[in-house]
Visitor: 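A single structure is presented below for examination.
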Amino acid sequence: MFFHSKELQYNARVSKPDPRFARLLLEQFGGGNGELKAAMQYFVQAFSCKNAYPDKYDLLMDIATEEFSHLEIVGATIQMLLSGVNGELKNAAESLEMMDPMEGKGAKENYIHQALYNSQFCVLTGGGPSVTDSNGTPWTGAYVNANGDLTVDLRSNIAAESRAKIVYEYLIKFTDDEYVKDTLRFLMTREITHFQQFEAALDTIQPNFPPGILQGDPRYSNLYFNMSPEESATGPWNQGCSSRLGEEWQNIDELKEYVEATNGLTDMEPTGTERTQDTVKNMDRELARARSKEVKSATPTENIQWSAYKDEEEKVEQEVPADCL
C-alpha cells in the first residue's frame with residue numbers, strides 16, 4: 001500500500017514562469033526516459049522477484065516509489081513554470097515580473113506566444129502538465145522494460161538511469177532559473193545514486209554473465225570481425241582478453257576467406273579460450289537448475305497469497321455495537 005505526503009521530497013521552486021522550459025521539462029514527466037517510465041519499470045519488474053529475491057523486491061519497490069515522488073517534483077515544477085497559463089492568461093501576463101523591461105502589449109503577446117509554443121498547456125491541460133513528452137507524444141507502456149530475468153532487468157535499469165541522468169544534464173543548459181537548476185541537479189544526482197544501487201544489486205547475483213542461462217558457443221564468443229580492415233582501430237574490445245569471459249580476442253581480418261575456409265563458421269574449434277562446448281553445456285544445465293528454482297518460487301502453487309497477514313486467532317476482536325446486530 002502507498003501513503004502520500006503532501007510535502008515534496010525536494011523543495012521545488014521557480015523564480016518566474018517559463019512556459020518554453022515547461023515544455024522541455026515534459027520530457028522527464030511523460031517521456032521515454034522520464035520519471036513515470038522509471039517508476040513503472042521498476043514497479044513491474046519487482047513482481048517476478050518477490051519470492052526469489054526478496055531483498056531485490058524491496059530495492060525495486062523502494063526506488064519505484066521514489067521515482068513517483070520525483071514525478072511529483074517534475075509535475076509541480078511544470079505547474080509553477082506555467083503560472084498564468086489559464087483562462088486569465090492575458091490578464092496574468094500583464095502583472096508578471098518578466099513584463100517589466102518590456103512594453104505592455106509586446107510583453108503580453110510574447111508571453112502568450114511562449115505558452116502557445118505547446119498548445120496542450122492552453123487547450124487541453126488548462127495550464128498543467130500532460131502525460132506526454134516535450135513534443136506531445138503520449139506516454140506508453142512500451143517504454144517499460146521488464147524481462148523477468150533479474151540480471152537483464154537490472155542492466156536495463158542501469159541504462160535507464162544513465163539516459164535519465166544525461167537528459168537532466170541537457171535540460172540544465174536550457175534554463176537560467178537557479179531554483180529550477182537546483183531541482184534538476186537534485187533529480188540528476190538521484191539518477192547517479194540509483195545507478196550505483198542497481199549495479200551493486202547485480203553484483204550480488206553470481207554468476208550474472210552472460211545474461212540469462214545459456215552461455216553461448218565458445219567458438220564465437222571471442223571473435224572480432226574486422227569489417228573495416230583498411231582503417232582498423234584497436235583497443236580492449238579486440239586486443240588482449242575479453243572483460244568478462246577472460247578469453248583472448250581472435251581478430252578476423254579476411255572475413256570472406258575465413259567464412260569460406262570454415263564452411264560458414266561451422267567447421268572450427270574454439271581458440272583463445274579454455275571453454276569448450278562440453279563445459280558450456282554443463283554450465284547451462286547447472287544454471288538452468290538454479291534459475292528454475294527462482295522461476296518456480298516466483299508464485300507459490302499452494303496457499304497462494306501475496307501478503308502474509310496476522311492469523312485469524314491473532315487478530316484483535318472488535319466489539320460490534322448492539323444496534324448493528
Side-chain angles (χ1 to χ4, degrees), residues 1-12 28-77 129 131 139-165 167-168 183 186-206 208 211-212 290-311:
M1 63 183 76
F2 294 88
F3 297 92
H4 179 254
S5 175
K6 295 179 177 60
E7 293 80 14
L8 294 180
Q9 181 186 19
Y10 182 84
N11 185 19
Q28 291 302 80
F29 192 79
N33 298 305
E35 302 294 351
L36 179 59
K37 173 262 175 71
M40 291 306 302
Q41 178 159 306
Y42 310 153
F43 186 72
V44 171
Q45 289 174 355
F47 290 104
S48 63
C49 70
K50 180 178 185 290
N51 292 318
Y53 297 102
D55 54 341
K56 312 305 188 301
Y57 174 82
D58 186 63
L59 170 69
L60 287 166
M61 281 297 187
D62 280 349
I63 297 182
T65 305
E66 183 181 355
E67 300 291 9
F68 280 119
S69 72
H70 292 175
L71 181 70
E72 186 176 20
I73 291 171
V74 173
T77 302
V131 190
W139 188 90
T140 169
Y143 294 151
V144 174
N145 296 302
N147 293 91
D149 184 307
L150 190 55
T151 67
V152 176
D153 286 343
L154 289 172
R155 286 187 171 92
S156 180
N157 297 349
I158 290 170
E161 296 293 332
S162 300
R163 289 190 294 269
K165 189 267 183 185
V167 172
Y168 279 122
T183 299
F186 165 77
L187 294 169
M188 181 192 73
T189 302
R190 293 306 295 168
E191 310 295 349
I192 298 171
T193 304
H194 295 162
F195 180 110
Q196 296 176 93
Q197 291 175 315
F198 288 134
E199 190 174 48
L202 178 62
D203 287 341
T204 67
I205 304 173
Q206 295 297 333
N208 65 32
R291 295 289 191 264
S292 66
K293 292 180 181 179
E294 298 169 8
V295 173
K296 291 176 181 178
S297 68
T299 305
T301 56
E302 297 180 357
N303 300 320
I304 303 175
Q305 182 171 305
W306 192 257
S307 299
Y309 300 97
K310 291 183 179 180
D311 293 335

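Please read these numbers as outputs of a predicted model, since none were measured by experiment.
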Visitor: Indicate yes or no: at least one non-hydrogen side-chain atom of Y143 is less than 4.5 angstrom from one of M40.
Guide: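 A side-chain contact under 4.5 Å is absent here.
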
Visitor: Indicate yes or no for a side-chain donor-acceptor contact from Q45 to the backbone of A146 under 3.5 Å, with no hydrogens or angles considered.
Guide: no

Visitor: Treating K50 as the side-chain partner and W306 as the backbone partner, does any N or O pair qualify as donor plus acceptor under 3.5 Å?
Guide: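 Checked: pair present.
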
Visitor: If I compare all heavy atoms of Q28 with all of N33, which pair ends up nearest, and what's the gap?
Guide: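 Residues Q28 and N33, closest heavy atoms: OE1-O, 3.4 Å.
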
Visitor: Do the non-hydrogen side-chain atoms of H194 and L59 ever get within less than 4.5 Å of each other?
Guide: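 A side-chain contact is absent here, since even the closest heavy-atom pair is not under 4.5 Å.
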
Visitor: Looking only at heavy atoms, which two atoms of K37 and G31 are closest? And how far apart?
Guide: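 Shortest heavy-atom contact: CB-O, 4.0 Å.
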
Visitor: Could you walk me through whether Y53 and I205 pass the side chain to side chain contact (heavy atoms under 4.5 Å, CB included) test, one step at a time?
Guide: CA-CA 10 Å; Y53 297 102; I205 304 173; 3.8 Å; yes

Visitor: Which atom pair, heavy atoms only, marks the closest approach of G75 to P129?
Guide: O-CG, 3.9 Å

Visitor: Ring centres under 6.0 Å, that's the criterion: do H70 and F186 meet it?
Guide: yes

Visitor: Residues two or more places apart in sequence or in another chain: which of them pass ring pair (Phe, Tyr, Trp, His ring centres under 6.0 Å) with F43?
Guide: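 Here the qualifying residues are F47.
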
Visitor: Could you tell me which non-hydrogen atom of A12 sits nearest to which non-hydrogen atom of T183, and how far apart they are?
Guide: CA-OG1, 3.7 Å

Visitor: Starting at CG of L187, measure out to OH of Y10 and round the result to the nearest 0.5 Å.
Guide: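 So the gap between those two atoms works out to 9.0 Å.
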
Visitor: To the nearest 0.5 Å, how far apart are CG in L154 and OH in Y42?
Guide: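 One gets 10.0 Å once the value is rounded to the nearest 0.5 Å.
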
Visitor: What are the two closest non-hydrogen atoms of E7 and S5, and how far apart are they?
Guide: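 It is OE1-OG, 2.8 Å.
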
Visitor: How many angstroms lie between CD in E161 and CD1 in I63, if you round to the nearest 0.5 Å?
Guide: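 These two atoms lie 7.0 Å from each other.
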
Visitor: Got L36 and F68 here, is their nearest side-chain heavy-atom distance under 4.5 Å?
Guide: yes

Visitor: Could you tell me the separation between the OG1 atom of T65 and the CG atom of L60, rounded to the nearest 0.5 Å?
Guide: 10.5 Å

Visitor: So, for G148 and D153, which heavy atoms are closest and what is the spacing to 0.1 Å?
Guide: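 In terms of heavy atoms, the two residues are closest at N-OD2, 3.4 Å.
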
Visitor: Please report the interatomic distance CE(M61) to SG(C49), rounded to the nearest 0.5 Å.
Guide: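 SG of C49 is found 8.5 Å from CE of M61.
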
Visitor: Quick check: does any side chain N or O of N208 sit under 3.5 Å from a backbone N or O of T151, one acting as donor and the other as acceptor?
Guide: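 Here the side-chain-to-backbone pair does not exist.
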
Visitor: Side-chain contact, heavy-atom cut-off 4.5 Å: E191 with Y168?
Guide: yes

Visitor: Less than 4.5 Å apart, any side-chain heavy atom of K6 and any of E72?
Guide: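 No; the side chains remain at least 4.5 Å from each other.
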
Visitor: Could you state the interatomic distance from OG (S156) to CG (D149), rounded to the nearest 0.5 Å?
Guide: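 The distance works out to 11.5 Å.
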
